[in-house]
Number of protein chains: 4
Amino acid sequence: MPAPDPARRNERSRRAILDATRALLAETGYADLTVGAIAARAGAGKQTIYRWWGGKSAVVLDALVDTVAAEGMTLPDSGDLRADLRLVLRATVAEFADPVLSATTRALTIETLIDDELAVQVRDRLLRPQLDAVKDRLRAGQRAGDVRTGVDLDQAVELIFGPLYHRWLLRTGPLTEEYADGLVDLVMTALRRGNGRAADDDERRGS
Amino acid sequence: MPAPDPARRNERSRRAILDATRALLAETGYADLTVGAIAARAGAGKQTIYRWWGGKSAVVLDALVDTVAAEGMTLPDSGDLRADLRLVLRATVAEFADPVLSATTRALTIETLIDDELAVQVRDRLLRPQLDAVKDRLRAGQRAGDVRTGVDLDQAVELIFGPLYHRWLLRTGPLTEEYADGLVDLVMTALRRGNGRAADDDERRGS
Amino acid sequence: MPAPDPARRNERSRRAILDATRALLAETGYADLTVGAIAARAGAGKQTIYRWWGGKSAVVLDALVDTVAAEGMTLPDSGDLRADLRLVLRATVAEFADPVLSATTRALTIETLIDDELAVQVRDRLLRPQLDAVKDRLRAGQRAGDVRTGVDLDQAVELIFGPLYHRWLLRTGPLTEEYADGLVDLVMTALRRGNGRAADDDERRGS
Amino acid sequence: MPAPDPARRNERSRRAILDATRALLAETGYADLTVGAIAARAGAGKQTIYRWWGGKSAVVLDALVDTVAAEGMTLPDSGDLRADLRLVLRATVAEFADPVLSATTRALTIETLIDDELAVQVRDRLLRPQLDAVKDRLRAGQRAGDVRTGVDLDQAVELIFGPLYHRWLLRTGPLTEEYADGLVDLVMTALRRGNGRAADDDERRGS
DNA sequence: TCATAATCGAGACGGTACGTCGCGTCTTGTG
DNA sequence: CACAAGACGCGACGTACCGTCTCGATTATGA
């Protein structure tokens, strides 16, 4: 069983499969989604799916990446960091509010916990763009003096999204715009300059 | 088909099934776990499992609750909030580093994602005690003036554990003691009094 | 994968599967017969078929044996050997004339050429009863003096059916009642007493 | 899709495909033979096979015809019919004893059973020469008075080979030289003149 | 002589059946 | 009755071949 040749891959099939996947996801949800159904809907053979993807989860990942990628992944820079972060967090909250998207993310997260390779893919192809966009905005904020220079930006990004995921995972509270705004305020406080020991330490270390 | 009579339930079987579940979870992981395998390993019939549990998820939850729940659940209060938080975060990081405990958490997280009803159970029976312990410590810190009065303590708890889970789930970086300490510093900055607009807003609102 | 326990076998399923097999054989023929279709028609699971049979060919064999066995397998003994043989050969010719039966036999013969184990089954369970019935009749003829005592009865049976199968296999000529009768005449000549060297040799050897 | 032009056919490919077919038949047997495997082994494309042959069956037939057809096909006429028949039956028995030749015959027989059109080909191109050679020898015997004039020679040929095939197909007994000789004796008895009713009938009818 | 039209190797494709696996239910004794 | 054991209906799985198709690369003329 030699590796298939990507150059000979049928683009029409690829698109049909991803489209069918998205359609079925919306109709039946991830749990009731089957590789056979995707193939049938796409007018493709199952083998074509297994030839290019590892299974259901990989196809779904690609289908999602496919749509997300089209959306373009840079944050606006209005000059007001707090306002810009509110925008992105509100958008994320809205995504979680969509039942189909939420269920899909949930299912993909499960697969992520089972399959390490998939986890890497999800992280790098689905989430990284979003995270990096926020990181870029924070870096700009750092240059503008809105964020302390000593702050580790990766850690800052996690500080923003971590609580959100945590609440979503454990359903410990509502995911509303008010929540998003409150979280942004908390995070802004943590990142802003001139406020106490942590900042002093960091800047002393950084100098 | 009358409801089964809990009084006649065989305790020996119950224990054997939970033990087998834990053993198989450790040996083969959650993905390869099947009801049939649990029954066979436990020397039980499949029907016995379906009689008393709803399915694989419920058994796994019970098996894990069994082990995890017994841990003592109050944080020390040394008077130094930062130090106390470091302790708990370092402990959590250590748990994630332990392969067995990490696998257990993984399985639990999956349960959380699969079944809404179970998610409530997991959250309330397993996680809540730990989260509440931290929340209690924060409340004490609030009384001691280490935490602004306006801060929503539930949100604060999420600010602490959220980034940790995020990094663990997405494997976006190492989970070390240094990381834990850095996170505590960041969080402390966010929670402490007298540092900028969010705080002012909060306290103005709070008064 | 331990061997299944025949004592717990569901007789209702067994019958339903064999009935469905016969029905589908008549409707679609052997080539278009699938295990899945049999299972669906029988209201059974595919696994139940694979649990008790080796595959399509084994089920078909059983289905045929099942019907043949019911027919009772002893030849009439009218006292006239030639007449009795004509009856059985005419019946065999009639079976080959039935398209469904002929096609099934053809297909089963193919499997027989591929699978040695199946060949043994077909021979012993499907054909042996018929062959033995003829052999018994010949033995009676031997006692009655219609067949030389030195003749090997197994060989005699083959002399009767061999040419028939040969003609059927190679389609070298029509399979009619006239052909059957002519073959019987030829065979009777070979078996009858008092006609030449072979007989003399045999009887000399036999004494 | 115009019909392919035989003039442009690549002889090298044709040979490679037939060689590969024979090699795979010998190595893995008919059941495990696939068009893909033949093409791969031959270094040919599958399309090349489907372009020039109807499918697996046709290729196998061609491959076997290629080897078997060349054999010289006249029987010796020593004047002693019994001896000559013994020679040919012993040779046939020897062929069945040879594993490679037996496998070939097996494959050919399968072809015969699968496809009516091919059956005609097999019969006429491969078997007919051999059968006709025997038939010719019998005709000579008839002229010499060794065989009754009323005997249908085609039927006689089947009387000779039929039992042999029957025994080979059903594995109902050993295929030895003794068996061959015994069969010849039986057949000779059936064919010889002046031995009973069938003969009388025939000759009365024939005259 | 060289375009040009076919065959060629390679293998991806839509499709069908395969034989296996696990689910949750049902059946059959045993204690 | 609960229980161990495991057969059952069901349905998805991932694989194997089928016969068709698409794609350059390679002939082999006949314009």
Side-chain angles (χ1 to χ4, degrees), chain A residues 1-10 12-14 16 32-37 39-40 42-52 54-56, chain B residues 1-2 4-10 12-13 16 32-37 39-40 42-52 54-56, chain C residues 1-2 4-10 12-14 16 32-37 39-40 42-52 54-56, chain D residues 1-10 12-13 16 32-37 39-40 42-52 54-56:
Chain A
M1 55 206 78
D5 178 357
R8 307 195 45 180
R9 183 165 186 179
N10 185 333
R12 174 197 288 289
S13 293
R14 197 187 73 87
D32 293 345
L33 191 64
T34 68
V35 174
K46 284 202 293 175
Q47 198 60 249
T48 301
I49 294 181
Y50 285 110
R51 185 176 299 120
W52 301 113
K56 178 167 82 159
Chain B
M1 59 204 81
D5 178 358
R8 305 197 50 160
R9 181 166 187 180
N10 186 332
R12 176 199 288 288
S13 293
D32 292 346
L33 190 65
T34 69
V35 174
K46 286 201 295 171
Q47 195 58 246
T48 302
I49 293 180
Y50 285 108
R51 189 171 4 250
W52 301 113
K56 180 168 80 165
Chain C
M1 55 208 80
D5 178 358
R8 308 195 46 178
R9 183 167 186 178
N10 185 332
R12 175 197 289 288
S13 293
R14 197 188 72 88
D32 291 346
L33 191 65
T34 68
V35 175
K46 284 200 295 175
Q47 196 61 248
T48 301
I49 294 181
Y50 286 110
R51 192 178 351 260
W52 302 113
K56 179 167 81 162
Chain D
M1 59 204 81
D5 178 359
R8 305 198 51 160
R9 181 167 186 180
N10 186 334
R12 174 200 289 289
S13 293
D32 292 347
L33 190 65
T34 68
V35 175
K46 287 202 294 173
Q47 195 58 245
T48 303
I49 292 181
Y50 285 107
R51 190 174 358 252
W52 301 113
K56 179 169 81 164

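Just so it is clear: chains get the letters A, B, ... in the order the sequence lines come, proteins before strands, and each one is counted from 1.
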Peer 1: Return the nearest nucleotide to the side chain of Lys56(D); candidates are dT7(E), dG9(F), dC18(F).
Peer 2: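 Nearest listed nucleotide: dC18(F).
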Peer 1: Taking the nucleotide of DNA chain F with the nearest heavy atom to each, does Gln47(B) or Thr34(A) sit closer to the 5' end?
Peer 2: Gln47(B)
Peer 1: Does Trp52(D) form a side-chain contact (heavy atoms from CB on, under 4.5 Å) with Arg9(D)? I'd like the steps, not just the answer.
Peer 2: CA-CA 9 Å; Trp52(D) 301 113; Arg9(D) 181 167 186 180; 3.4 Å; yes
Peer 1: So which atom in Val35(A) and which in Ile49(A) form the shortest heavy-atom distance, rounded to 0.1 Å?
Peer 2: O-CD1, 3.8 Å
Peer 1: Considering heavy-atom distances to DNA chain E, does Val35(B) or Gly54(C) have its closest nucleotide positioned more toward the 5' end?
Peer 2: Gly54(C)
Peer 1: In whole angstroms, how far is the P atom of dT15(F) from the CG atom of Asp32(D)?
Peer 2: 19 Å
Peer 1: For the base of dG15(E), is there a side-chain donor-acceptor partner from Lys46(A) under 3.5 Å away?
Peer 2: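 No pair found.
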Peer 1: Answer with base, sugar-phosphate or nothing: what part of the nucleic acid does Arg51(B) contact at a heavy-atom distance below 4.0 Å?
Peer 2: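 Base: the residue Arg51(B), judged by heavy atoms under 4.0 Å, touches a nucleobase.
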Peer 1: How many whole angstroms separate atom CG of Asn10(B) from atom P of dA5(F)?
Peer 2: 13 Å
Peer 1: Measure from CZ on Arg9(A) to C1' on dC23(F) and round the result to the nearest Å.
Peer 2: 17 Å
Peer 1: Can you tell me how far P of dG29(E) sits from CG of Asp5(C), to the nearest Å?
Peer 2: 10 Å
Peer 1: Taking only the side-chain nitrogens and oxygens of Ser13(C), find out if one of them lies under 4.0 Å from OP1 or OP2 of dG9(F).
Peer 2: yes
Peer 1: Report the distance from atom CD1 of Ile49(B) to atom P of dA4(F), rounded to the nearest whole Å.
Peer 2: 9 Å
Peer 1: Checking the side chain of Lys46(A) only, and the main-chain atoms of Ala39(A) only, is there a donor and an acceptor separated by less than 3.5 Å?
Peer 2: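 No: the side chain of Lys46(A) does not pair with the backbone of Ala39(A).
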Peer 1: Does atom CZ of Arg12(A) have more than 12 heavy-atom neighbours from other groups under 6.0 Å away?
Peer 2: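 Open.
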Peer 1: Nearest whole angstrom, please: distance from the C1' of dC3(F) to the CZ of Arg12(B).
Peer 2: 12 Å
Peer 1: Relative to the 5' end of DNA chain E, which residue comes earlier, Tyr50(B) or Ala40(D), by the nucleotide with the nearest heavy atom?
Peer 2: Ala40(D)
Peer 1: How would you label the contact of Gly55(A) with the nucleic acid (heavy atoms, under 4.0 Å): base, sugar-phosphate, or nothing?
Peer 2: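 Contact class for Gly55(A): none.
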Peer 1: Both Leu33(D) and Thr48(B) contact DNA chain F. Taking the nearest nucleotide for each, which residue is further toward the 5' end?
Peer 2: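 Its nearest nucleotide lies further toward 5', so the answer is Thr48(B).
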Peer 1: Taking the axis from the first five pairs and the axis from the last five, what angle separates them in the helix from dT1(E)-dA31(F) to dG31(E)-dC1(F), rounded to 10 degrees?
Peer 2: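 The helix from dT1(E)-dA31(F) to dG31(E)-dC1(F) shows an end-to-end axis angle of 0°.
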Peer 1: I need a per-nucleotide contact map over nucleotides 24-31 of chain F, read 5' to 3'. Cutoff is protein heavy atoms under 4.0 Å; write B for the base, S for backbone only, - otherwise.
Peer 2: ---B----
Peer 1: Side-chain N or O of Trp52(B) less than 4.0 angstrom from OP1 or OP2 on dC3(F)?
Peer 2: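 It does, given that an N or O in the side chain of Trp52(B) lies less than 4.0 Å from OP1 or OP2 of dC3(F).
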Peer 1: List the atom of Ala16(C), the atom of Ala42(C), and the distance in Å for their closest heavy-atom pair.
Peer 2: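 Where Ala16(C) meets Ala42(C) most closely, the heavy atoms are O-CB, 3.5 Å.
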